[in-house]
> 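This is the structure, below, for whatever I ask next.
A note on names: the letters A, B, ... follow the listed sequences, proteins ahead of strands, and every chain is numbered from 1.
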Amino acid sequence: MSVQTWTYIIVGFTFLIYIGIAIWSRAGSTKEFYVAGGGVSPLANGMATAADWMSAASFISMAGLISFMGYDGGVYLMGWTGGYVLLALLLAPYLRKFGKFTVPDFIGDRYYSQAARTVAIVAALIVSFTYVAGQMRGVGVVFSRFLEVDINTGVIIGMALVFIYAVLGGMKGITYTQVAQYCILIFAFMVPAIFISIQLTGNPIPQFGFGDTLVNSDVYLLDKLDQLSTELGFTAYTLGQKSTVDVFCITAALMLGTAGLPHVIVRFFTVPRVKDARTSAGYALAFIAILYTTAPSIAAFARVNLIETVSNKEYSSMPEWFSKWETTGLIAFNDKNNDGKIQYVKDASINELHIDRDIIVLANPEIAKLPNWVIALVAAGALAAALSTAAGLLLVISASVSHDLLKKQLMPNISEKGELIAARISAACAVVVAGYFGIHPPGFVAAVVALAFGLAAASFFPAIILGIFYKRMNKEGAISGMVIGLLSMILYIMVFKFNFLGETTSEDWFLGISPEGFGTIAMLINVVVAVVVANFTAEPPKEVTDMVEEIRYPKGASKEIIMH
Amino acid sequence: MNEHSTNEKKNPEKEALATSLSRKRYWQNNLKYLGVLLGIWFLCSFGAGILFKDTLNEIRVGGFKLGFWFAQQGAIYIFTFIIIAYIVLMNRLDKKYDVQDD
């Protein structure tokens with residue numbers, strides 16, 4: 001059977017599963033809509049968190065990025081997993097004990113202030129919208145490549161699907177759909193990785209194959225890769241070229257951002273007990289680690305395969321996948337010296353091959369000549385990754401509007417039923433806005449997704465940590481910290497990413513820190529400002545310090561679950 | 001625990017003081033665990049994977065240079081173990097100080 005037929009079968013089948021689950025787990029109350037009723041098992045919550053977290057970027061782009069970055073790719077690997085340590089140890093148990101629906105809920109109550117709540121809502125919306133726009137575009141790209149429809153049609157199919165389970169099912173529908181999506185995406189990621197690991201190194205476990213010798217030789221894969229890279233003028237694969245301070249700051253910003261992303265934090269409100277919040281953070285990281293330790297292996301395998309297939313080979317002898325991807329424009333060959341061979345080197349004046357980083361995972365099965373059903377499976381996995389993250393983000397947006405803005409600020413007397421309707425309407429509107437950004441992507445989407453982490457790191461993370469561990473922190477401190485942290489991050493992005501004040505180069509960066517890594521500095525600014533301001537203003541009221549004292553002890557969390 | 005319950009009947013004030021003292025100890029223990037575990041977290045990611053990677057790269061394990069391995073795989077395994085250790089330690093601590101959630 002052709003790839004096309006297989007794709008229709010496998011993708012169609014997974015969609016049926018998602019819709020079936022959505023109908024089965026419809027939300028009937030706001031509590032079910034926002035936090036799935038607070039009764040999700042830690043194992044299911046761990047899987048849902050993993051799917052929620054692993055987006056189109058993790059599934060499609062990350063291995064490709066690492067493949068071209070070598071050692072420097074470690075910033076994503078450590079950054080996007082190390083944040084879970086912070087989440088599990090510093091945030092999840094306390095937020096669960098606090099027991100409300102959303103992050104702005106915590107900030108608003110802890111800092112006894114509607115202004116703090118509003119700042120948190122604005123930050124949650126900025127972070128979620130920048131992130132979701134990238135996801136919808138990813139959905140469109142995958143559809144267009146594998147179902148051979150127009151990108152816009154792809155985005156609309158994705159919108160319709162997310163609409164069904166986010167609007168109908170709320171958090172409850174999303175949670176169980178995400179469990180299914182996790183299973184599909186991890187299976188789809190592992191199958192080609194295992195095949196390729198066996199082909200290249202004879203070792204069936206990609207994590208170990210990565211450090212193994214190549215089949216029929218006693219040269220280690222990574223040594224071979226270092227040698228191939230340096231021969232072509234690239235930096236050795238295992239060394240990387242970013243400065244140490246930048247690698248340090250980007251890794252830290254991604255960790256702090258991960259721990260501050262509202263759609264991840266909210267998942268820890270959905271389990272019954274404090275103990276379960278800790279356990280589910282553990283499950284989540286273990287499930288994520290399966291993909292994240294496989295990705296660098298895939299990156300190295302694909303890099304070796306790619307260089308050996310194309311470097312100095314006749315253009316006419318290229319395999320079928322090469323020409324297939326050429327038609328999408330993601331691979332481009334320009335025979336500068338007219339010798340009919342492909343020169344793939346670092347030096348831009350001689351280099352004749354352009355390869356888009358995003359094709360590495362998608363083209364991997366074809367490059368390794370795997371059967372057609374594997375290719376279709378990868379398409380289904382990529383869609384699962386993009387859709388699950390989009391749904392989680394849409395829910396944060398809808399809860400921010402219906403719960404934090406309407407119920408907590410504008411219409412405190414709204415009935416439970418009215419709030420549920422408002423939640424559904426805002427989810428529906430958010431789907432439409434996300435779809436619009438998917439169809440008309442603002443040019444900066446790709447650049448901004450990574451920066452969403454910087455924004456999360458600069459705003460939420462310090463406010464929550466200080467709220468739990470520093471009783472003396474008051475509303476004046478928290479608000480000024482969040483505002484100045486957020487503004488300094490936005491300013492840095494504007495100046496150095498979008499050249500707001502004239503052309504800039506990496507030489508102009510503050511201490512050599514890239515905009516991606518600046519979240520770390522903005523986070524520090526936030527903390528310093530918050531602590532200084534707090535110590536010059538009034539102490540927080542006694543009932544607030546009592547509340548902070550109370551959330552430090554797990555006892556009683558399951559009883560006092562969220563009754564509004 | 002038994003002596004607490006007998007105290008409760010006789011002297012509620014003393015009992016409240018005992019609870020607050022034991023809670024304080026619980027929290028200090030918790031902070032100690034956090035310090036140690038986050039220390040390990042920092043050492044194996046920012047330390048081994050970034051700051052000292054050039055030195056560690058001199059050491060080879062199979063096909064891996066050690067610094068590179070920490071940055072691309074090792075740190076992630078250790079992160080998972082840190083969370084598991086935290087879960088075990090805290091569950092034990094919750095029980096010891098009778099603050100577990102039932």
> If the plane angle is over 60° it's perpendicular, under 30° parallel, otherwise tilted; pick one for A/Tyr94 and B/Trp27.
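The rings of A/Tyr94 and B/Trp27 stand perpendicular, inter-plane angle above 60°.
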> Surrounding CZ of A/Arg472 (heavy atoms of other residues, nucleotides or ligands, distance under 6.0 Å), is the total greater than 12?
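Enclosed.
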> Is B/Phe68 close to A/Pro296 at the side-chain level, that is, under 4.5 Å between some pair of heavy atoms?
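A side-chain contact is absent here, since even the closest heavy-atom pair is not under 4.5 Å.
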> Does B/Asp54 have any side-chain hydrogen bond (donor to acceptor under 3.5 Å, both in side chains) partners at least two apart in sequence or in another chain, and if so, which?
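Once residues adjacent in sequence are excluded, B/Asp54 has no partner under the side-chain hydrogen bond (donor to acceptor under 3.5 Å, both in side chains) criterion.
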> In terms of heavy-atom pairs under 4.5 Å, which option from A/Gly74, A/Gly70, A/Gly82 contacts chain B the most?
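Most heavy-atom pairs under 4.5 Å with chain B: A/Gly82.
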> Considering only heavy atoms and a distance below 4.5 Å, find which of A/Met78, A/Gln207, A/Arg552, A/Lys275 pairs most often with chain B.
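Looking at each of A/Met78, A/Gln207, A/Arg552, A/Lys275 in turn, A/Arg552 comes out on top.
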> Shortest non-hydrogen contact from A/Gly282 to B/Ile87?
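Taking every non-hydrogen atom into account, CA-CD1, 4.2 Å.
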> Between A/Tyr84 and B/Trp41, is the gap from one ring center to the other below 6.0 Å?
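No - the distance between ring centres of A/Tyr84 and B/Trp41 does not fall below the 6.0 Å cut-off.
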> Taking the six-membered ring for Trp and the single ring otherwise, decide whether the centroids of A/Phe210 and B/Phe64 are under 6.0 Å apart.
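Ring centroids of A/Phe210 and B/Phe64 are less than 6.0 Å from each other.
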> Measure distances from B/Phe81 to the heavy atoms of chain A and classify the residue's part below 4.5 Å as side chain, backbone, both or neither.
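Neither part, no heavy atoms under 4.5 Å.
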> Begin from the C-alpha positions of A/Arg273 and B/Asp94 and carry the test salt bridge (charged side-chain N to carboxylate O under 4.0 Å, His left out) through to its verdict.
CA-CA 13 Å; A/Arg273 295 171 301 178; B/Asp94 286 356; over 6 Å; no
> Please rank B/Lys65, B/Lys53, B/Arg23 by heavy-atom pairs under 4.5 Å with chain A and give me the top one.
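The option with the most such pairs is B/Arg23.
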> Could you state the interatomic distance from CG (A/Leu89) to CE (B/Met90), rounded to the nearest 0.5 Å?
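Going from the CG atom of A/Leu89 to the CE atom of B/Met90 covers 8.5 Å.
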> Under 4.5 Å heavy-atom distance to chain A, tell me which part of B/Ile78 shows up: side chain, backbone, both or neither.
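For B/Ile78, no heavy atom lies under 4.5 Å from chain A.
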> Using a cut-off of under 4.5 Å for heavy-atom pairs, which of A/Leu87, A/Val75, A/Leu86, A/Ile66 has the most such pairs with chain B?
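Maximum pair count with chain B is reached by A/Leu86.
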> Where on B/Tyr77 is there a heavy atom nearer than 4.5 Å to chain A: the side chain, the backbone, both, or neither?
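Side chain only.
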> Nearest 0.5 Å please: distance from the OG1 atom of A/Thr244 over to the CG atom of B/Leu51.
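Between atom OG1 of A/Thr244 and atom CG of B/Leu51 there are 7.5 Å.
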> Examine whether an atom of A/Ala252 lies under 4.5 Å from a heavy atom of chain B, and if so say whether it belongs to the side chain, the backbone or both; otherwise answer neither.
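When you check distances to chain B, atoms from both the backbone and side chain of A/Ala252 fall under 4.5 Å.
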> If I take atom CZ from residue B/Arg60 and atom OH from residue A/Tyr220, how far apart are they, to the nearest 0.5 angstrom?
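Going from the CZ atom of B/Arg60 to the OH atom of A/Tyr220 covers 7.0 Å.
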> Could you tell me which portion of B/Ile50 (side chain, backbone, both or neither) has an atom closer than 4.5 angstrom to a non-hydrogen atom of chain A?
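For B/Ile50, heavy atoms of backbone and side chain both lie under 4.5 Å from chain A.
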> Answer with side chain, backbone, both or neither: which region of A/Ile288 has an atom nearer than 4.5 Å to a non-hydrogen atom of chain B?
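Contact with chain B: none, neither part.
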> Given B/Phe79 and A/Met255, is the side-chain contact (heavy atoms from CB on, under 4.5 Å) satisfied, shown in steps?
CA-CA 12 Å; B/Phe79 294 155; A/Met255 284 187 187; 4.0 Å; yes
> What distance do A/Leu77 atom CG and B/Ile76 atom CD1 have between them, rounded to the nearest 0.5 Å?
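Interatomic distance, A/Leu77 CG to B/Ile76 CD1, rounded to 0.5 Å: 5.0 Å.
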> How long is the gap from OG1 on B/Thr80 to OH on A/Tyr283, to the nearest 0.5 Å?
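Reported value, rounded in 0.5 Å steps: 13.5 Å.
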> Are there more than 12 heavy atoms of other residues, nucleotides or ligands under 6.0 Å from atom OH of B/Tyr86?
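More than 12 heavy atoms, drawn from other residues, nucleotides or ligands, come within 6.0 Å of this atom.
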> Can you list the residues that meet the side-chain hydrogen bond (donor to acceptor under 3.5 Å, both in side chains) rule with A/Tyr553, with sequence neighbours excluded?
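Residues passing side-chain hydrogen bond (donor to acceptor under 3.5 Å, both in side chains) with A/Tyr553: A/Glu549.
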> If I take atom CD from residue B/Gln73 and atom CZ from residue A/Phe208, how far apart are they, to the nearest 0.5 angstrom?
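Between B/Gln73 CD and A/Phe208 CZ, I get 8.0 Å after rounding to 0.5 Å.
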> Does a side-chain heavy-atom distance below 4.5 Å link B/Asp98 with A/Lys555?
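A side-chain contact exists here, since the closest heavy-atom pair is under 4.5 Å.
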